[in-house]
Amino acid sequence: MLFKEGFQVFDIHAHLPYPLPFMSANPVIRSQNALRSEQMRLTWDFPEPPAEEDQDAARPLIDRWVDELDRYGLGGINFLTAWSNDDLAEQIGKYPGRFTGFAHHSIEEPDAAEELRRAVDTLGLKGYKLFGPLVEIPFHDPKLTPVWRFLAERKLPVLIHFGLLGHTGGIASHLNINPLAIFNVAREYPDIPFIIPHFGAGYFQELLHLCWSCPNIFIDTSGSNQWMRWTPYELNLDILFRKCYELIGPERIIFGTDSSSFPRGFVYRYLQDQVRSCRELRMNETEIENIFGNNARRLLNFI
């Protein structure tokens, strides 16, 4: 057992299927991406794609995720995306108390604030999900003020993916790729909890700088974090956790996996590796339980 009896993990970061407008359709890119995906599958011992038609594929996707909760004894999963806010709310609504979800729609649309209010008040979603490199104007542009004001009024969390986006052919350079792009907004609206996933996905130093100034920045641990291999300075999972622990403490670190598809399902390996790092850093049980579930529950009011 990874945890003491009675504690259940909550995963802040998973995905139901959603559009991927940022990936290149170039056949050369697709070929290289396939090679990288296979290498990652072997590295992490992910299941092979089924040789025949997967009999489970006909089952509703959310039912398969319930199986994952039961298989691994999880207390819940927060989904950040789906085909639409209505689709997400409909799927997780089949199992009240087991899943939560975030709204995910363009912040640049004129009715973005109204759609966010509908997603929260009518659909019951718990926060807002954005991809920094898909937002084409600065986050502090006055056009976006209604969204920030609504989030601050309700003290709702917003999770923003900064850093490298996608696999081969993804986005490596952009106006809003650096976590510091949210600095002006985060400082102006301290009532908004900003969650930055993947330890900054290539921008770890910048994320630490942001955390130093803004006490409303939370770090999401999700994914393989293989971007560590592409930094000019040495990093590993132990260093990531230690630096974050030293700067912001265990109350602002939140576990996630970035789980998204079957047959892979919930990526238990990520959980194992992250728990190992925390235990080797001699964190106590309360700190570990905060990171791997209770911090997220408090932010989402999912107690």
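The side-chain heavy atoms of Arg252 and Asn295, taken from C-beta on, include no pair separated by under 4.5 Å. Proximity of Pro133 to Asn176: side-chain heavy atoms (C-beta onward) are nowhere separated by under 4.5 Å. Taking 4.5 Å as the limit, every side-chain heavy atom of Leu88 sits out of range of all side-chain heavy atoms of Tyr18. Between Leu130 and His161, the closest side-chain pair of non-hydrogen atoms is not below 4.5 Å. Within the 4.5 Å cutoff, no side-chain heavy atoms of Val147 are placed close to those of Phe139. You'll find the side chain of Asn225 stays beyond 4.5 Å of the side chain of Leu235, heavy atoms only. Between Asp70 and Val66 there is a side-chain heavy-atom pair separated by less than 4.5 Å. Inter-residue side-chain proximity for His174 and Glu136 is flagged as met; some heavy-atom pair is nearer than 4.5 Å.
Within the model, atoms CG of Leu16 and CG of Leu61 stand 5.5 Å from one another, a figure rounded to the nearest 0.5 Å. Put simply, CD1 on Ile137 and CG on Leu175 are 9.5 Å apart, with the number rounded to the nearest 0.5 Å. With rounding to the nearest 0.5 Å, the separation of CG in Asn78 from NE2 in His15 is 10.0 Å. Note that the OH atom of Tyr203 and the NE2 atom of His198 stand 14.0 Å from one another [nearest 0.5 Å]. Distance CD/Glu234 to OG1/Thr231: 7.0 Å, rounded to 0.5 Å. Atom CD of Glu287 sits about 8.0 Å away from atom CG of Asn290, to the nearest 0.5 Å.
Grouping Ile, Leu, Val, Met, Phe, Trp and Tyr residues whose side-chain heavy atoms lie under 4.5 Å apart, directly or via other members, leaves Val28 alone, with no other cluster members.
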Output side-chain donor-acceptor pairs under 3.5 Å for residues 5-12, partner residues at least two apart or in another chain, one line each.
unit_1, atom_1, unit_2, atom_2, d
Asp11, OD1, His13, N, 2.9
Asp11, OD1, Thr257, N, 3.1
Asp11, OD2, Thr257, OG1, 2.5

Using residues 149-160 as the side-chain source, report each donor-acceptor pair under 3.5 Å to any protein atom, sequence neighbours left out, with the distance given to one decimal.
unit_1, atom_1, unit_2, atom_2, d
Arg154, NH1, Asp121, OD1, 2.8
Arg154, NH2, Asp121, OD1, 3.4
Arg154, NH2, Asp121, OD2, 3.0

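Under a cut-off of 6.0 angstrom, the local environment of NZ in Lys94 is crowded, with over 12 non-hydrogen atoms contributed by other residues, nucleotides or ligands. Counting heavy-atom neighbours within 6.0 Å of Arg276 CZ, excluding the residue itself, gives a total above 12. By the 6.0 Å contact criterion, CD on Glu90 is open, its count of non-hydrogen atoms from other residues, nucleotides or ligands being 12 or less. Within 6.0 Å of CD on Glu246 lie more than 12 heavy atoms contributed by other residues, nucleotides or ligands. Within 6.0 Å of NZ on Lys243 lie no more than 12 heavy atoms contributed by other residues, nucleotides or ligands.
The shortest heavy-atom contact between Leu144 and Pro138 is CD1-O, 3.7 Å. Nearest heavy atoms, Ile92 versus Gly101: CD1-N, 3.6 Å. The minimum heavy-atom distance linking Asp87 with Ala82 is given by the pair OD2-CB, 3.4 Å. Contact detail for Ala112 and Ser106: the closest heavy-atom pair is CB-O, 3.5 Å. Contact between Leu247 and Cys211 at its shortest, heavy atoms only, is CD2-CB, 3.9 Å. The minimum heavy-atom distance linking Phe241 with Ser277 is given by the pair CD1-CB, 3.9 Å.
Thr145 places a side-chain N or O within 3.5 Å of a backbone atom of Pro142 that can act as its donor or acceptor partner. Asn236 places a side-chain N or O within donor-acceptor distance of the main-chain N or O of Ile239, the cut-off being under 3.5 Å. Under the 3.5 Å distance criterion, the side-chain polar atoms of Ser213 are left unmatched by any main-chain donor or acceptor of Leu210. Using modelled atom types, one side-chain atom of Ser259 and one backbone atom of Val267 make a donor-acceptor pair closer than 3.5 Å.
No hydrogens or angles considered: a donor-acceptor pair under 3.5 Å links the side chains of Arg229 and Gln226. For the residue pair Glu115 / Asn85, a side-chain donor-acceptor distance below 3.5 Å is found, with atom types taken as modelled. Using a 3.5 Å distance cut-off with no hydrogens or angles, the side chains of Arg187 and Asn216 do not pair a donor with an acceptor. Side-chain contact annotation: Asp220 with Ser222, donor-acceptor N/O pair under 3.5 Å present. Between the side chains of His140 and Glu188, no donor-acceptor pair is found at a separation under 3.5 Å.
The ring of Trp65 has its center no closer than 6.0 angstrom to the ring center of Phe266.
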Next item on the list: Go through Phe162 and Asn178 one step at a time and tell me if the side-chain contact (heavy atoms from CB on, under 4.5 Å) criterion holds.
Entry: CA-CA 6 Å; Phe162 291 104; Asn178 189 322; 5.9 Å; no
Next item on the list: Give the C-alpha distance, both sets of side-chain angles, the deciding distance and a yes or no for side-chain contact (heavy atoms from CB on, under 4.5 Å) between Leu164 and Ile171.
Entry: CA-CA 6 Å; Leu164 304 171; Ile171 298 175; over 6 Å; no
Checklist line | Val275/Phe255 under side-chain contact (heavy atoms from CB on, under 4.5 Å): CA gap, chis, key distance, verdict | finding: CA-CA 10 Å; Val275 171; Phe255 166 72; over 6 Å; no
Margin query: Before you tell me yes or no, could you show the steps for Leu165 and Leu134 under side-chain contact (heavy atoms from CB on, under 4.5 Å), namely the whole-Å CA-CA distance, both residues' side-chain angles and the distance that decides it to 0.1 Å?
Written below: CA-CA 9 Å; Leu165 181 57; Leu134 298 184; 4.1 Å; yes
Next item on the list: Check the pair Glu285 / Arg279 against salt bridge (charged side-chain N to carboxylate O under 4.0 Å, His left out), numbers first and verdict last.
Entry: CA-CA 9 Å; Glu285 287 305 306; Arg279 293 202 184 283; 2.5 Å; yes
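A continuous path of ILVMFWY side-chain contacts below 4.5 Å connects Ile107 to Val185, so both sit in one hydrophobic cluster. Cluster annotation: Leu299 is not connected to Ile291 through the hydrophobic network of ILVMFWY side chains, with a link wherever side-chain heavy atoms come within less than 4.5 Å. Ile254 and Ile217 are not part of a single hydrophobic cluster, where members link through side-chain heavy atoms under 4.5 Å apart. The hydrophobic clustering, which links ILVMFWY residues whose side-chain heavy atoms are closer than 4.5 Å, places Leu80 and Leu74 apart. Both Leu207 and Leu240 sit in one connected hydrophobic cluster of ILVMFWY residues. Membership requires side-chain heavy atoms under 4.5 Å apart, directly or through other members.
For Asp238 and Arg242, the salt-bridge test fails: no basic side-chain N is under 4.0 Å from an acidic carboxylate O.
With sequence neighbours left out, Tyr270 forms a ring pair (Phe, Tyr, Trp, His ring centres under 6.0 Å) with Trp44.
Judged by the 6.0 Å distance and 45° axis criteria, Arg297 is not positioned over the aromatic ring of Phe302.
Applying the ring-ring contact (aromatic ring centres under 6.0 Å, His included) definition to pairs two or more places apart or across chains, none involves residues 208-234. Note on residues 87-118: pairs passing ring-ring contact (aromatic ring centres under 6.0 Å, His included), not counting sequence neighbours, are Phe79-Phe99, His104-Phe131, His105-Tyr128.
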